[in-house]
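Let me begin by presenting the structure, written as structure tokens, before commenting on it.
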Amino acid sequence: MEITEVKEKADKICENISRVLIGREKEIRVILAALFAGGHVLVEDRPGTGKTLLAKTFAKSIGGQFKRVQFTPDLMPSDITGLSIYNRKSEDFVLVKGPVFTNILLADEINRATPRTQSSLLEAMEEQQVTIDGESHRLEAPFFVIATENPIETTGTYPLPEAQLDRFLIKISMGDNSKATEVSIMDRFMSENPFDTLQTVCDTDHIKTMQEAVREVFVHSCVKEYIADIILATRNNSRIQVGASSRGTIGLLRLSQAYAAMEGRTFVRPDDVRYMAPYVLAHRVIMAGHMDEKKEKTVIRELVDQIAVPVEDWEN
């Protein structure tokens with residue numbers, strides 16, 4: 001697939017999703033870039049900001065299978081992955097697949113489940129497979145996890161460990177709406193729910209093809225060094241106790257490639273890296289003191305601003 005086709009289809013998907021999620025164009029493009037990059041998304045925001053609707057709308061727009069798991073303290077790993085049940089008639093064990101066998105999985109309020117249950121997603125997110133009773137089962141591509149968590153009601157929650165946070169390509173917040181956006185939402189939803197009439201604009205085969213095309217986006221050696229400088233800076237900053245991992249390095253590279261393709265370019269610019277760095281790195285670093293997500297993103301932005309931008313010809 002040509003990069004121009006990636007841009008055309010990305011624009012159609014974003015436009016389609018924006019019919020339901022009003023005033024979220026920037027967030028939609030970043031999340032779509034994560035899908036094209038083959039990553040997963042953690043959405044942190046208070047209730048009622050459209051997190052669940054976001055996942056459902058993404059699935060409907062790309063014609064993918066959608067499943068939702070409401071994470072609760074009594075949820076077991078087998079409730080997500082599935083389990084083998086003995087069939088007396090066939091005298092054999094039969095696999096009953098869990099909701100993880102889908103294209104888009106909504107892990108709703110993921111921090112309300114125990115660490116044991118949270119960890120059941122690690123293998124699926126990293127290797128796109130699950131192991132049940134010692135046997136590995138591949139997940140159908142594309143496999144995209146959109147996990148949500150509520151930062152307000154923290155009683156009875158289990159914070160995601162750093163190892164699991166590192167599995168999410170980006171962490172994003174939907175943010176607050178302006179007055180004009182709130183009025184637009186009322187106008188759009190007053191007579192009907194636009195989700196009910198939403199049309200599919202591509203299919204999962206298109207998504208897989210676009211994911212392959214993204215990997216071919218050219219990244220100049222100076223841009224790679226720029227990414228490496230940013231990662232190393234997170235490991236040598238007095239405000240950061242633990243810097244980004246090498247998984248963060250690859251994540252920033254892949255997301256920059258995806259964003260460049262969505263903009264119709266066959267090469268990555270330093271501006272792509274600068275724009276995506278806070279989404280990729282803020283949740284991967286451990287600050288020296290207590291900071292909320294907004295402050296962590298601010299630290300990453302300030303850190304990136306201090307690094308010299310390469311001036312070479314990035315197209316060759």
Check: Looking at side-chain heavy atoms only, is the closest gap between I110 and F71 below 4.5 Å?
Finding: yes
Item checked: T117 versus T114, side-chain donor and acceptor atoms under 3.5 Å -> yes
Check: Mind checking whether L165 and I231 sit in one hydrophobic cluster, side chains of I, L, V, M, F, W, Y counted as touching below 4.5 Å?
Finding: no
Check: So, do V96 and S84 sit near enough that their side-chain heavy atoms are less than 4.5 Å apart?
Finding: no
Checklist line | Flag, side chain of Q118 to backbone of A113, donor-acceptor distance under 3.5 Å | finding: yes
Check: Without hydrogens or angle criteria, can the side chains of T131 and E123 be said to hold a donor-acceptor pair below 3.5 Å?
Finding: yes
Next item on the list: Mind running side chain to side chain contact (heavy atoms under 4.5 Å, CB included) on I104 and F144 for me, showing each step along the way?
Entry: CA-CA 5 Å; I104 294 185; F144 187 46; 4.2 Å; yes
Item checked: Rounded distance [0.5 Å steps], CG in L105 versus CD1 in I80 -> 7.5 Å
Item checked: Non-hydrogen side-chain atoms of V100 and V145 separated by less than 4.5 Å -> no
Check: Are any of the side-chain nitrogens in K51 or D108 under 4.0 Å away from the carboxylate oxygens of its partner?
Finding: no
Item checked: K60 side chain to Q199 backbone, donor-acceptor under 3.5 Å -> no
Next item on the list: Look only at the side chain of R284 and the backbone of V280, and say whether a donor-acceptor pair between them is shorter than 3.5 Å.
Entry: yes
Notebook entry, point to check: So do the side chains of V304 and Y226 get within less than 4.5 Å of each other, counting heavy atoms only?
Noted result: yes
Next item on the list: For side chain to side chain contact (heavy atoms under 4.5 Å, CB included), just list the numbers for I172 and L42, CA-CA rounded to whole Å, side-chain angles, deciding distance to a tenth of an Å, and then say yes or no.
Entry: CA-CA 6 Å; I172 193 169; L42 177 61; over 6 Å; no
Note to self: Check whether H40 reaches the backbone of M125 with its side chain - one donor and one acceptor, N or O, closer than 3.5 Å.
What the structure shows: yes
Next item on the list: Please determine if D305 and R301 form a salt bridge, counting it only when a charged side-chain N lies under 4.0 Å from a carboxylate O.
Entry: no
Notebook entry, point to check: Do other residues, nucleotides or ligands put more than 12 heavy atoms under 6.0 Å from R116 CZ?
Noted result: no
Next item on the list: Scan side-chain atoms only and decide if Q65 and N103 contain a donor-acceptor pair under the 3.5 Å cut-off.
Entry: no
Checklist line | Value rounded to 0.5 Å, distance of CG in D166 from CG in L160 | finding: 11.5 Å
Notebook entry, point to check: Is it the case that one hydrophobic cluster holds both Y279 and I286, taking links as side-chain heavy atoms less than 4.5 Å apart, direct or via other members?
Noted result: no
Notebook entry, point to check: Donor-acceptor pair, S246 side chain versus T249 backbone, under 3.5 Å?
Noted result: no
Next item on the list: Looking only at non-hydrogen atoms, find the nearest pair between T200 and S61 and report the distance.
Entry: CG2-O, 3.6 Å
Item checked: Rounded distance (nearest 0.5 Å) linking atom CE of M276 with atom CD1 of I170 -> 7.5 Å
Notebook entry, point to check: For the atom pair CG (L252) and CZ (R247), what is the distance rounded to the nearest 0.5 Å?
Noted result: 14.5 Å
Note to self: Under a 3.5 Å distance rule, please check whether T102 uses its side chain to pair with a backbone N or O of P99 as donor and acceptor.
What the structure shows: no
Next item on the list: Taking only Lys NZ, Arg NE, NH1 and NH2, and the carboxylate oxygens of Asp or Glu, determine whether E263 and R29 approach each other closer than 4.0 Å.
Entry: yes
Note to self: If I take atom CD from residue Q129 and atom OG from residue S136, how far apart are they, to the nearest 0.5 angstrom?
What the structure shows: 4.0 Å
Notebook entry, point to check: Judged by atom type as modelled, is there a donor-acceptor pair below 3.5 Å linking the side chain of R188 to the main-chain atoms of R19?
Noted result: yes
Margin query: With clusters defined by side-chain heavy atoms of hydrophobic residues (ILVMFWY) lying less than 4.5 Å apart, directly or transitively, does V41 cluster with F143?
Written below: no
Notebook entry, point to check: Taking everything shown except E140 itself, do over 12 heavy atoms lie less than 6.0 Å from its CD?
Noted result: no
Checklist line | Any donor-acceptor pair under 3.5 Å from Q211 side chain to L35 backbone | finding: yes
Margin query: I'd like to check D79 versus M76 (side-chain heavy atoms, cut-off strictly below 4.5 Å). Are they in contact?
Written below: yes
Next item on the list: Under the side chain to side chain contact (heavy atoms under 4.5 Å, CB included) rule, what do L95 and I85 come out as? Steps first, then yes or no, please.
Entry: CA-CA 6 Å; L95 174 64; I85 296 179; over 6 Å; no
Check: What residue among L32, D272, V214, V30 forms side chain to side chain contact (heavy atoms under 4.5 Å, CB included) with Y259?
Finding: D272
Item checked: Polar side chain donor-acceptor pair, R112 to N150, under 3.5 angstrom -> no
Checklist line | Pair L21-I28, side chain to side chain contact (heavy atoms under 4.5 Å, CB included): steps then yes or no | finding: CA-CA 9 Å; L21 291 166; I28 290 169; 4.2 Å; yes
Item checked: Charged N-O contact under 4.0 Å between K171 and E44 -> yes
Next item on the list: Could you check Q257 against R254 for side-chain hydrogen bond (donor to acceptor under 3.5 Å, both in side chains), going step by step and ending with a plain yes or no?
Entry: CA-CA 5 Å; Q257 286 179 298; R254 296 296 185 210; 3.2 Å; yes
Notebook entry, point to check: Are any of the side-chain heavy atoms of R167 and L122 separated by less than 4.5 Å?
Noted result: yes
Next item on the list: Please check if V242 and I230 belong to a single hydrophobic cluster, counting links between Ile, Leu, Val, Met, Phe, Trp and Tyr side chain heavy atoms closer than 4.5 Å.
Entry: no
Notebook entry, point to check: Looking at L83 and S78, what are the two nearest heavy atoms and their distance?
Noted result: CB-CB, 4.3 Å
Item checked: CD1 on I62 to CG on D205, rounded to 0.5 Å -> 11.0 Å
Item checked: N/O donor-acceptor pair under 3.5 Å between E302 side chain and V299 backbone -> no
Margin query: Contact between I13 and I207 at the side-chain level, heavy atoms closer than 4.5 Å - yes or no?
Written below: yes
Margin query: When you compare the side chain of L106 with that of V69, does any pair of heavy atoms fall below 4.5 Å?
Written below: no
Note to self: For the residue pair K56 and F66, would you count it as a cation-pi contact if the rule is NZ or CZ under 6.0 angstrom from the ring centre and within 45 degrees of the ring axis?
What the structure shows: no
Notebook entry, point to check: Is there a path from L232 to I307 through hydrophobic residues (I, L, V, M, F, W, Y) whose side chains come within less than 4.5 Å of each other?
Noted result: no
Margin query: Using only atom types and a distance under 3.5 Å, with no angle test, would you say the side chain of T148 pairs donor to acceptor with the backbone of E109?
Written below: yes
